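Remarks on the structure that follows.
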Amino acid sequence: MFSIPVFFDSFAPLAWAARYTLLVSGLGIALGLVIGAVVCILALSRSRPLRFIAALWVSYLRGVPMLVQLLVVFFLLPVIGINVPAIVAAVGTTAIVASAYISEIWRGAINALPRGQAEAAVAIGMRPAHVWRRVILPQAVALSLPQLVNELILLVKASSLVSVVGIMEITRASQAQAATTFRPLEVYLAAACLYLAINLVLAALGRWLEYRMAV
Amino acid sequence: MQAASVEIIEVNKFYGPFQALKDVDLTIPPGQVTCIIGPSGSGKSTLLRCINFLEEYDSGEIRIDGELIGYETPGRKMRARRLREMRCSIGMVFQQFNLWPHMTARGNVAEGLIRVRGMNRAEAGERAAEALTKVGLADKMDSHPVRLSGGQQQRVAIARAIAMEPRLMLFDEPTSALDPELVGEVLNVMKALAAEGMTMAVVTHEMGFAAHVADRVAFMDKGELVAADTPSRILHQPDDPRMRAFLRTYHERNSF
């Protein structure tokens with residue numbers, strides 16, 4: 001039978017494990033935004049080799065399951081003589097995978113702006129740096145916000161994958177909890193509630209941000 | 001403000017194998033209004049956009065007050081910084097207004113003054129308010145473009161250009177995207193500007209404006225400048241069959 005006390009008791013250890021879920025997805029998106037911006041710049045550049053590098057980056061990272069990438073990175077690093085804690089490999093891989101999607105989100109948003117927006121700025125003699133900072137980016141960021149929130153929510157869920165390299169985040173903690181209590185249903189249901197709660201908060205935050213940035 | 005002159009000398013422009021401009025010669029005297037008319041695809045907008053080098057012409061010369069734009073010497077590109085300096089004294093108004101939607105009307109006008117003219121916020125805001133008052137939008141300064149009608153948006157765009165105190169204004173079909181009842185308010189602002197002695201090049205389908213406001217009308221067809229003369233010579237005594245055919249469509253459309 002489903003035990004309500006067990007269900008409620010499961011939350012405390014899982015909530016403690018959620019710090020890794022938040023760390024992996026939070027740091028993943030933050031670094032992903034930075035790397036994604038760089039990849040996006042390469043993708044939009046006039047140089048064909050740079051565009052090729054960006055295309056390669058995006059197609060590899062989007063085309064291989066994140067679980068496989070985690071395992072590849074985790075086992076590859078020691079081979080090439082890099083010894084880092086599992087959490088570093090996990091965050092790094094998450095950020096790099098996220099960067100591929102984020103660069104595409106930004107490229108799409110920038111390309112969606114009418115050409116005339118930048119042209120009007122160029123025509124009055126604005127410097128390229130100002131054209132980007134004052135005209136293109138504010139609009140592109142606002143336009144990309146819904147998709148970035150979407151990406152963040154996907155990352156929170158994808159962070160369950162880093163359990164395979166031994167990070168004790170929500171999913172792995174619930175597996176451990178289920179094994180010791182022999183009450184998998186209550187434990188996994190608690191884990192589900194936790195993920196849902198995190199993502200509902202993020203979605204609400206995203207809507208608030210969109211509202212703030214709406215023109 | 002001193003009005004600038006524009007000399008266009010044997011300008012050619014290609015898009016791949018397609019020749020958009022063929023040996024175009026045109027002089028726009030200072031303080032005068034020159035309307036450029038012609039069928040769509042005839043190169044009018046391309047020619048206008050070459051004047052501030054938004055479009056790069058491939059050969060020939062375009063001189064603003066005698067100074068070559070876009071190239072140091074024929075064939076060698078101009079430094080980006082020098083090109084920007086030249087552009088900031090050439091105002092441009094686009095068919096689609098191209099206002100920046102994330103800024104208010106005043107913000108749109110002030111932006112160039114701050115970033116290009118290096119004014120401080122207060123000074124730029126004041127100058128923007130003056131320009132908006134001039135186009136009759138003193139009460140819309142704090143509105144974002146989405147809250148404005150097409151005619152109001154285009155007047156903000158004109159204010160944005162004139163606030164920079166240009167010596168030359170380029171209009172690329174400024175009323176083509178407007179509902180018919182909003183065309184008049186934009187044309188009136190343009191007439192006032194012309195009366196002040198601004199040099200203006202206007203690509204337009206408004207034959208009434210060309211007839212009554214222009215000092216000269218240039219007719220283009222298939223990338224060639226067919227004729228440039230007084231409005232009455234071009235509009236009422238066209239001697240070229242292409243011009244007659246083009247003008248006939250207007251007469252037919254307006255006879256009801």
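Owing to the predicted nature of the structure, the values given are computational and were not obtained by experimental measurement. Every heavy atom of this structure was used, including side-chain atoms; hydrogens, water molecules and symmetry mates were not.
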For the student: nearest non-hydrogen atoms of B:L54 and A:V122, plus distance: CD2-CG1, 3.9 Å
Per-residue contact mode, A:R115 against chain B (heavy atom under 4.5 angstrom): side chain
Proximal component of B:R117, with respect to chain A [non-hydrogen, under 4.5 Å]: neither
Options B:M92, B:R84, B:E111, ranked by heavy-atom pairs under 4.5 Å with chain A, top entry: B:R84
Contacting moiety of B:L170, where chain A heavy atoms sit under 4.5 Å: neither
Between A:G116, A:P114, A:A142, the one whose heavy-atom pairs under 4.5 Å with chain B are most numerous: A:G116
Considering all heavy atoms, the nearest A:A123-B:F94 contact: CB-CZ, 4.1 Å
B:R147 atom CZ, neighbour heavy-atom count above 12 within 6.0 Å: no
Heavy atoms from other residues, nucleotides or ligands near OH of A:Y195 exceed 12 (cutoff 6.0 Å): yes
Contact winner vs chain A - B:R87, B:R115, B:R49, heavy-atom pairs under 4.5 Å: B:R115
Minimum side-chain heavy-atom gap B:M103-A:P138 below 4.5 Å: no
Note, B:Q96 side chain near A:E119 side chain (heavy atom, < 4.5 Å): no
Chain A contact via B:I90 - side chain, backbone, both or neither, heavy atoms under 4.5 Å: backbone
Atom CZ of A:F52 with >12 non-hydrogen neighbours under 6.0 angstrom: no
Most chain A-contacting option - heavy-atom pairs closer than 4.5 Å, from B:L83, B:V93, B:V116, B:N52: B:V116
Closest contact, heavy atoms only, A:R134 versus B:H102: O-NE2, 2.8 Å
Contact residues of residues 72-102 of chain A (partner chain B; heavy-atom separation under 4.5 angstrom): none
Engaged part of A:A121 at the chain B interface, taking heavy atoms whose separation is under 4.5 Å: both
Rounded distance [0.5 Å steps], CG in B:L113 versus CD1 in A:I124: 7.5 Å
